[in-house]
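Read through the structure below, which is laid out as structure tokens, and then see the notes.
These values consider heavy atoms only, across backbone and side chains, with no hydrogens, waters or symmetry-generated copies.
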Amino acid sequence: MNDPSEQAHDPLDPGLKAIVSERRQLIGLAYRLVGSLSEAEDVVQETYTRWYALSPAQRAAIDSPGAWLTTVAGRICLDLLGSARARRERYVGEWLPEPLPGQVAWTSGRPPAADPADRVTLDESINMAFLVVLESLTPAERVAFVLHDVFRYPFAEVAEIVGRSPAACRQLASSARRRISATRVSPAPIARQAGLVKEFKKAWEAKDIEALIGLLDPDVKAVGDGGGLVSAALHPFEGREQVASYLVELAHKASGLELLERTVNGRPGLVLRQAGLTVAVFAFHVAEDRIRHIWGVRNPEKLRPWTDVTR
């Protein structure tokens, strides 16, 4: 039996609780769709605004509030992705997804999909390498793929969000799957990733160019994102000698900086702090015992989730 005193202190009725409980799921979906936590939060805020704009009778007529919220959030993301393409063409330098601290999965609570082609896990779909690949998809492909292959929505529901037939949405997801598979390289085990990132940190701090070269894949690519707000390389560096030289040059210029091992989008990464503030976050893709990609986010607008991260 529930404690009446607990009920008295709980201002939410069961129906409202159910709506509020969807927020975490919606944030997770929107982040994967737009690649920005701040924009994902705006999407969810707008979704709830539209829910509360309905009359009580309209809300009561909705059989599944969770499905309604997902449909609205998905459509808002689809519109946002369309406008984001134009905005990113004007972006200063390279655009990278917003990095997230800690272990962030946002479980969907849905049963495993029957579709044998659906092999993407929530953990995989949050890492930087995967999010960067999603950026190459069209808005409709991205929404159809993430909803179906990651969050396991049937194509009948995806069709309601994308505004196309279930068959068309199946084709969109299939096209996205092919493009993702073509660029996908299985990462090393997490323990090995952590070990390589630790070695990378030591070599970088020591300004040891030979050690850095030994940790990097011959075709390694390093991408920076300053957004025009802080200094960052406007174009990627490719090749281990060029990347290592650039890193050592940065280390010589730096002063009063602290490099810390942290989890970035669920994978081992590094955080650069100065005077107690996070000034850069680095994500890595490690495969076959070498670092293949480095993504460095310096845009301060993308580092807000790291403001209070100290451990």
Side-chain angles (χ1 to χ4, degrees), residues 10-54 56 58-84 97-113 118 120-128 130-131 134-135 137 139-163 169 172-173 176 265-266 301-302 304-305:
D10 190 348
L12 300 181
D13 62 58
L16 187 53
K17 278 186 183 178
I19 294 300
V20 173
S21 69
E22 294 287 332
R23 186 178 186 278
R24 183 174 176 80
Q25 162 99 352
L26 293 172
I27 288 284
L29 172 63
Y31 173 74
R32 287 169 174 84
L33 290 179
V34 300
S36 164
L37 183 59
S38 58
E39 289 187 350
E41 290 172 338
D42 289 343
V43 166
V44 175
Q45 180 64 39
E46 174 62 21
T47 300
Y48 278 108
T49 297
R50 295 186 188 185
W51 170 262
Y52 291 116
L54 299 174
Q58 288 173 318
R59 290 199 292 266
I62 296 173
D63 292 332
S64 174
W68 187 94
L69 291 169
T70 298
T71 298
V72 172
R75 288 172 179 167
I76 294 172
C77 287
L78 188 60
D79 291 341
L80 192 59
L81 283 170
S83 62
E98 187 176 310
L100 295 181
Q103 303 288 344
V104 189
W106 289 300
T107 56
S108 69
R110 283 179 170 252
D118 185 356
V120 180
T121 66
L122 284 172
D123 285 340
E124 180 185 6
S125 71
I126 206 70
N127 73 63
M128 187 64 75
F130 192 82
L131 292 171
L134 288 182
E135 285 296 312
L137 305 179
E141 284 177 334
R142 185 167 182 168
V143 172
F145 176 81
V146 170
L147 283 168
H148 179 263
D149 284 51
V150 179
F151 281 86
R152 314 198 185 284
Y153 284 89
F155 284 116
E157 293 182 30
V158 176
E160 297 227 355
I161 295 171
V162 179
C169 290
L172 287 169
N265 286 67
E301 293 182 349
K302 296 184 179 183
R304 289 170 184 166

Gap separating the [atom1] atom of [X] from the [atom2] atom of [Y], nearest 0.5 angstrom:
| X | Y | atom1 | atom2 | answer |
| --- | --- | --- | --- | --- |
| F145 | L137 | CZ | CG | 7.5 Å |
| L100 | I126 | CG | CD1 | 5.5 Å |
| Q25 | F151 | CD | CZ | 5.5 Å |

Are any side-chain N or O atoms of [X] and backbone N or O atoms of [Y], one a donor and one an acceptor, separated by less than 3.5 Å?
| X | Y | result |
| --- | --- | --- |
| N127 | E124 | yes |
| Y48 | R23 | yes |
| R59 | L54 | yes |
| N265 | P99 | no |

For this session: Applying salt bridge (Lys or Arg N to Asp or Glu O under 4.0 Å), name anything that partners E98, two or more places apart in sequence or on another chain.
Result: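 Salt bridge (Lys or Arg N to Asp or Glu O under 4.0 Å) check on E98 returns nothing, list empty.
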
Please report the closest heavy-atom contact between [X] and [Y], naming both atoms and the distance.
| X | Y | answer |
| --- | --- | --- |
| L37 | P305 | CD2-CG, 3.8 Å |
| V143 | L33 | CA-CD2, 3.7 Å |
| P97 | L131 | CG-CB, 3.8 Å |
| W51 | P65 | CH2-CB, 3.7 Å |
| C77 | V43 | SG-CG1, 3.8 Å |

Problem set entry | Partner residues of Q45 under the side chain to side chain contact (heavy atoms under 4.5 Å, CB included) criterion, sequence neighbours left out |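 With neighbours one apart ignored, the set is T49.
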
For this session: With sequence neighbours excluded, tell me which residues meet side chain to side chain contact (heavy atoms under 4.5 Å, CB included) with A140.
Result: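 Per chain and number, A140 pairs via side chain to side chain contact (heavy atoms under 4.5 Å, CB included) with T138, V162, R164, L172.
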
Would you list the atom pairs, donor with acceptor, under 3.5 Å between side chains in residues 67-75 and any protein atom, with sequence neighbours excluded?
from : atom 1 : to   : atom 2 : distance (Å)
T70  : OG1    : G66  : O      : 3.0
T70  : OG1    : Y153 : OH     : 3.3
T71  : OG1    : A67  : O      : 2.9
R75  : NE     : E160 : O      : 3.1
R75  : NH2    : E160 : O      : 2.6

Problem set entry | side chain to side chain contact (heavy atoms under 4.5 Å, CB included) evaluation trace for I76 with D79 | CA-CA 5 Å; I76 294 172; D79 291 341; 5.8 Å; no

Exercise. Taking side chain as C-beta onward, heavy atoms only, is F130 less than 4.5 Å from L134?
Worked result: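 F130 vs L134: side chains touch.
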
For this session: State, with a plain yes or no, whether a side-chain heavy atom of R142 is found less than 4.5 Å away from one of E135.
Result: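 R142 reaches E135 side chain to side chain.
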
Problem set entry | Summary of salt bridge (Lys or Arg N to Asp or Glu O under 4.0 Å) pairs that have at least one residue in residues 38-47, sequence neighbours excluded |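 Output for this query lists E39-R87, E46-R50.
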
Problem set entry | Steps toward side chain to side chain contact (heavy atoms under 4.5 Å, CB included) verdict (L29, L147) | CA-CA 8 Å; L29 172 63; L147 283 168; 3.8 Å; yes

